[in-house]
Amino acid sequence: MSKASSRQSAIRIFAIPALVALASGAGLAGALVGDGVSDTFASALVALPAAIFCVCLARRRGR
Amino acid sequence: MLMLCLTGLPLIFHDEIDDLLHEQVRPAAVPKGTPEANIDQAIANALARFPGQVVHFFIWDRDDPNAYLLSINRSFDVDPSTNRIARADAHTAAYLDSPVVTGRFTYIMLKLHTDMFAGLPGKLFLGLMGILFCVAIISGIVVYAPSMRKLKFGTYRSDRPRVVRWLDVHNLAGILLVTWTLVVGATGVINTWADLVIKIWQFGQLAEMTAQYKDKPPPAHYSSVQAAVDTVRRAEPDMVPAFIAFPGSFFTSKNHYAIFMRGNSPLTSRLLKPALIDVETGKLTDSRDLPWYVAALLLSQPLHFGDYGGLALKIIWAVLDLITIVVLATGLYHWLRRRKSRVSVERMLVASSSDVPVSARSA
């Protein structure tokens, strides 16, 4: 693959990070407002970045 | 920042650590629905152990409904941060204990984390560091784009040298944690302004609420605290009391019990509404919601501490804190490396040009 065609646009670079950022933001706010089941769900959203981090490292050479 | 992350880590679990390291007298076990003990009685019992002392604040322990907390000191002229806490049984009114917290591990961590034992200047300094931390995160987002142009999201080149591997770790962890680090960083900065925010409230809203008492002499006699609490409970049936500030203390006038009520939903329980009771007549004189800047401070606290979603959220907070340490450490590694390489480049240039005087070389 040539250098030019493998370059990505800013939108593609930030697509996943933006989704993760939104999810954790929703989780942080949701845990503050909710209680019980919604609390658990919100906590899971807050934990999402940590989970993705571990998966990416475990995957080794990510492609 | 590394220091803040390291001292913050044990603070997430300060309740659990204190329980583990320090014995405390347990309140009596009572069946569910046992009515709360009379507050005047609990205060009298506690002060009997500390003759001549005064109560600044009376607090309903958020984490333990079986205990009342009394913040006491020898007078009202002292710095309230030197108050000691006495615990009382919330059902029998019996005095429990008065733990000395200043030697505790969690206390030392807390002081390092909030002001480095340097008072308000220390706090404001750490607040400034927090602002720089947020700026660094945003600049990190900006430089993330060029370094990821040719890489897929989540790339970790494990077969490359350490400098590449650690760059991948730094980029990946940094971009994933953007929201959390920004939220914890910004709310931490807001917390460093707490003293100032409270001062503004005292000279603003509290001064307005107590304006008509400004020139009155101190009360001749003190009415029942329990009756004052009952009065406020009747006025605010959907709220529960959080704490009482006693006349002469920091959060009220010389003529009022200030009873701070909180809501009963997860969100409104973080917000407070002061109700002022005339000490002599026992009548409710004023009650207002706190202004937005105090509400912002109160809401930013749980978002910084991570103490609002049970033990699960605390553990998640700790994991994210550890990953932040990784981001800081790998960032520091790259920064030091770049600095070192720049120095060596300069040295090489100096060494290669023979006409540079010796004095310049050593500089």
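Every chain is numbered from 1, with letters handed out A, B, ... down the list of sequences.
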Asker: Among A/Leu48, A/Val20, A/Leu28, which has the most heavy-atom pairs under 4.5 Å with chain B?
Answerer: A/Leu28

Asker: Decide yes or no on salt bridge (Lys or Arg N to Asp or Glu O under 4.0 Å) for B/Asp195 and B/Lys123, but give the supporting numbers first.
Answerer: CA-CA 10 Å; B/Asp195 295 353; B/Lys123 258 186 205 175; 3.2 Å; yes

Asker: Name the orientation class of the two ring planes belonging to B/Tyr68 and B/Trp60 (parallel below 30°, tilted from 30 to 60°, perpendicular beyond 60°).
Answerer: perpendicular

Asker: Would you call B/Glu36-B/Arg233 a salt bridge at under 4.0 Å N-O?
Answerer: yes

Asker: Does atom CD1 (A/Ile11) have a neighbourhood of more than 12 heavy atoms from anything else shown, all under 6.0 Å?
Answerer: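 Atom CD1 in A/Ile11 is not crowded, with 12 or fewer foreign heavy atoms closer than 6.0 Å.
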
Asker: Output yes when a side-chain donor or acceptor of B/Ser287 lies under 3.5 Å from a complementary backbone atom of B/Ala275, and no otherwise.
Answerer: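 Checked: no pair found.
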
Asker: Can you say whether B/Ile141 sits under 4.5 Å from chain A via the side chain, the backbone, both, or neither, judging by heavy atoms?
Answerer: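 It is both, since atoms from each part get that close.
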
Asker: With a 4.5 angstrom heavy-atom cut-off, is it the side chain or the backbone of A/Phe53 that approaches chain B, or both, or neither?
Answerer: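 For A/Phe53, heavy atoms of backbone and side chain both lie under 4.5 Å from chain B.
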
Asker: Contact part of B/Val319 toward chain A, heavy-atom cut-off under 4.5 Å: side chain, backbone, both or neither?
Answerer: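 Only the side chain of B/Val319 comes within 4.5 Å of chain A.
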
Asker: Chain B: which of A/Val33, A/Thr40, A/Leu22 shares the most heavy-atom pairs with it under 4.5 Å?
Answerer: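 The candidate making the most pairs under 4.5 Å is A/Val33.
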
Asker: Please state whether the side chain, the backbone, both or neither of B/Ile316 comes within less than 4.5 Å of a heavy atom of chain A.
Answerer: side chain

